[in-house]
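In what follows, a structure is listed as structure tokens, so that the remarks can point back to it.
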Amino acid sequence: MSHKQKGQLTTSSEWAKHLRKFGKRFFWKSERFEEKKEIDKELLEINKSSE
């Protein structure tokens, strides 16, 4: 039922709203770490090929 009635509480469609910032921080932290690893790997390959 999608009708709101008197005395009926509405619920948020996003159950994890209170975790949003926390989750984003961990997600982007891991993304930055993986990006740094990828850059280091590419630099190592470039240095090996130039020698």
Side-chain angles (χ1 to χ4, degrees):
M1 295 268 155
S2 63
H3 300 290
K4 184 179 177 195
Q5 298 174 352
K6 184 177 180 181
Q8 182 180 11
L9 297 175
T10 57
T11 59
S12 174
S13 61
E14 183 183 359
W15 68 271
K17 188 175 184 178
H18 64 287
L19 299 174
R20 192 183 308 148
K21 286 184 180 180
F22 185 73
K24 278 185 181 180
R25 185 179 70 207
F26 279 108
F27 172 77
W28 288 112
K29 182 177 181 180
S30 63
E31 283 292 309
R32 287 192 304 269
F33 178 73
E34 291 299 322
E35 186 68 26
K36 285 179 184 178
K37 280 178 36 179
E38 195 67 30
I39 290 170
D40 289 340
K41 189 169 119 180
E42 288 179 13
L43 287 174
L44 187 63
E45 289 176 3
I46 290 171
N47 287 339
K48 281 184 178 180
S49 64
S50 66
E51 289 177 356

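Here the CG atom belonging to Leu43 is positioned 10.5 Å from the CD atom belonging to Glu38, to the nearest 0.5 angstrom. In this structure, the separation between CG on Asp40 and CD on Glu42 is 9.5 Å, given to the nearest 0.5 Å.
Residues forming a side-chain contact (heavy atoms from CB on, under 4.5 Å) with Glu31 (at least two apart in sequence, or on another chain): Phe27, Trp28. For the salt bridge (Lys or Arg N to Asp or Glu O under 4.0 Å) test, residues two or more places apart in sequence or in another chain that qualify with Glu34 are Lys37.
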